[in-house]
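Input: a single structure, listed below in structure tokens.
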Amino acid sequence: MNPLIPFNKPYIAGKELYYIAQAVTLGNISGDGEFARRCAAVMEERFGIHKVLLTPSCTAALELSAMLLDLQPGDEVIMPSYTFVSTANAFMRIGAKPVFVDIRPDTLNLDERLVEQAITEKTKAIVPVHYAGVSCEMDLLSTLADKYDLKIIEDAAQGVNARYHDQYLGSIGQLGCYSFHETKNFICGEGGALCLNSEELVERAHILRDKGTNRQAFFQGSVDKYTWCDIGSSFVLSEINCAFLFAQLEMFDEITLKRQQIFDAYYQSLLPLEQNQQLRLPCIPEDSTSNHHMFYILLPNKTIRDGLMKHLKQINISAVFHFVPLHSSPKGRKLGYKAGDLPVSELAGDCLLRLPFYYELTPEEQNCVVNEIQKYLSQNLNQLDPAQPLTSPATQS
Ligand SMILES: *Cc1c(COP(=O)(O)O)cnc(C)c1O
């Protein structure tokens with residue numbers, strides 16, 4: 001039996017406990033203290049973001065975004081179906097309606113060519129999700145947003161430290177949302193951030209995030225007592241988590257480089273299988289600089305995907321599928337969607353497999369994963385299997 005190769009292993013950069021001890025010594029372990037300030041400053045500077053507010057999760061940042069836009073019941077928000085549940089929940093819980101649009105077969109990101117036809121008089125926002133840390137086609141989405149007066153909220157949960165042209169993900173829409181969950185590139189257990197790319201929403205964001213009070217203005221000395229101003233919630237990240245996160249953010253470059261090496265090693269060693277049409281590899285367009293959040297492969301069909309996943313599990317390698325498209329989930333069906341509505345999303349749900357991917361993954365472990373994939377496909381794939389469900393990036397227009 002192989003020693004276990006897990007799917008994910010949280011990476012500890014080194015100074016996490018040291019900074020947590022500092023936070024404790026400083027005497028402030030609730031939110032918006034020294035480490036929140038330092039984390040926000042690093043991201044604002046590096047990513048060119050006007051204001052970063054740390055939140056307890058990306059889910060919280062998405063919910064805060066929805067609250068900030070003052071959406072009314074019945075307002076529509078365009079988003080992919082191939083995403084995490086929080087993208088939709090954040091808008092539905094305030095009464096807005098998610099409108100699911102299919103994804104591109106190459107990047108598995110929101111298909112910008114299908115967005116315009118989904119816009120109605122009720123559409124208020126577009127939520128592009130940068131899947132696997134690869135950017136959506138933001139130029140076209142921004143043009144559409146301008147034309148129809150829509151807001152863009154980037155779900156950049158997987159896209160921290162990745163770019164579209166020379167702009168960092170999260171800095172392009174009016175709002176951007178990051179995740180520092182332990183499965184992401186830079187972590188603090190549970191954590192996230194809301195990126196505000198203009199001054200317009202900053203004051204209200206502070207208020208909504210701090211229980212609907214103007215406590216932030218009080219701390220800054222601009223009011224002499226703080227009070228209830230709006231319908232808010234508790235979306236401030238504790239200093240303990242911020243201290244942990246700061247140790248990770250100091251290692252942006254090291255962590256990203258290491259992930260790139262792991263990504264490249266998988267890519268090169270699996271390339272012959274793609275050339276044999278046995279699987280399809282991830283596609284990163286030229287205008288996108290990935291943060292290498294994950295490595296996935298697309299198998300020819302669900303039977304092969306599930307069989308390979310099971311085979312790997314039997315030999316102690318944990319590879320996992322990803323999103324069940326929201327439109328085909330029980331809640332999505334209640335919204336009136338049915339199987340077949342968004343074919344590319346459904347193929348990604350059925351055929352995608354994510355391989356073990358973490359900082360400490362060794363070349364030997366990677367070889368072991370690749371060899372097992374090769375072995376399984378050579379024994380189980382035959383001429384009768386349907387051709388590639390998703391065209392290979394090389395043949396994409
Ligand atoms: C991880 C993830 C989230 C949720 O992040 P949390 O910090 O766990 O709330 C939201 N959207 C996408 C696309 C994600 O991958």
Side-chain angles (χ1 to χ4, degrees), residues 7-8 10 31 39 43 52-67 77-93 98 100-101 103-104 107-110 125-136 138 141 152-162 164 169-170 172-173 175-195 209 233-238 241-242 244-245 248-249 259 282 288 290-296 320-327 329 331-332 345 348-349 352 354 357-358:
F7 171 66
N8 178 57
C39 288
M43 289 186 276
V52 170
L53 299 181
L54 279 301
T55 58
S57 62
C58 180
T59 302
L62 286 161
E63 292 184 13
L64 195 48
S65 302
M67 289 156 70
V77 179
I78 291 173
M79 63 182 69
S81 163
Y82 192 69
T83 182
F84 190 58
V85 291
S86 297
T87 319
N89 276 332
F91 297 92
M92 285 189 74
R93 57 191 304 293
F100 298 123
V101 166
I103 51 175
R104 291 165 53 128
T107 58
L108 312 184
N109 279 330
L110 186 65
I126 306 172
V127 188
V129 177
H130 304 293
Y131 188 63
V134 174
S135 65
C136 295
M138 296 306 291
L141 293 176
I152 291 185
I153 300 119
E154 298 177 67
D155 182 340
Q158 303 178 14
V160 182
N161 202 36
Y164 172 70
L169 306 189
I172 305 168
L175 299 169
C177 302
Y178 288 160
S179 176
F180 307 115
H181 185 266
E182 76 164 13
T183 52
K184 303 298 204 282
N185 290 26
F186 314 99
I187 64 174
C188 67
E190 300 268 0
L194 177 66
C195 308
R209 176 170 163 269
S233 193
S234 183
F235 286 150
V236 177
L237 184 66
S238 141
N241 293 68
C242 293
F244 192 111
L245 181 62
Q248 301 258 320
L249 301 190
R259 296 185 81 96
S288 181
S290 175
N291 63 1
H292 304 296
H293 171 60
M294 75 172 82
F295 196 94
Y296 65 78
V320 292
F321 59 88
H322 208 181
F323 304 131
V324 175
L326 299 181
H327 79 279
S329 64
K331 185 69 188 165
S345 305
L352 184 142
R354 293 180 291 162
F357 200 100
Y358 47 88

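Keep in mind that what you see is a predicted model, and the values were worked out from it rather than measured. Index from 1, following the sequence. Whatever order the structure lists them in is the order used to number ligands and atoms, beginning at 1.
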Using the ring of each side chain (for Trp, its six-membered ring), is Phe100 parallel, tilted or perpendicular to His327, with breaks at 30° and 60°? tilted

Using 30° and 60° as the class limits, which term best fits the ring planes of Tyr82 and His322: parallel, tilted or perpendicular?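 Answer is perpendicular, since the angle exceeds 60°.
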
Any idea which residues sit under 4.0 Å from ligand 1, heavy-atom distances?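 Residue list for ligand 1: Ser57, Cys58, Thr59, Thr83, Phe84, Val129, Asp155, Ala157, Gln158, Ser179, His181, Lys184, Gly191.
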
Ring centres under 6.0 Å, that's the criterion: do Tyr164 and His130 meet it? no

Centroid separation under 6.0 Å, is that true for the rings of Tyr131 and Phe323?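 Yes, close enough.
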
Test ring-ring contact (aromatic ring centres under 6.0 Å, His included) applied to His292 - qualifying residues, sequence neighbours left out: Phe263

Is the shortest heavy-atom distance from the side chain of Tyr178 to the side chain of Thr55 under 4.5 Å?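 A side-chain contact is absent here, since even the closest heavy-atom pair is not under 4.5 Å.
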
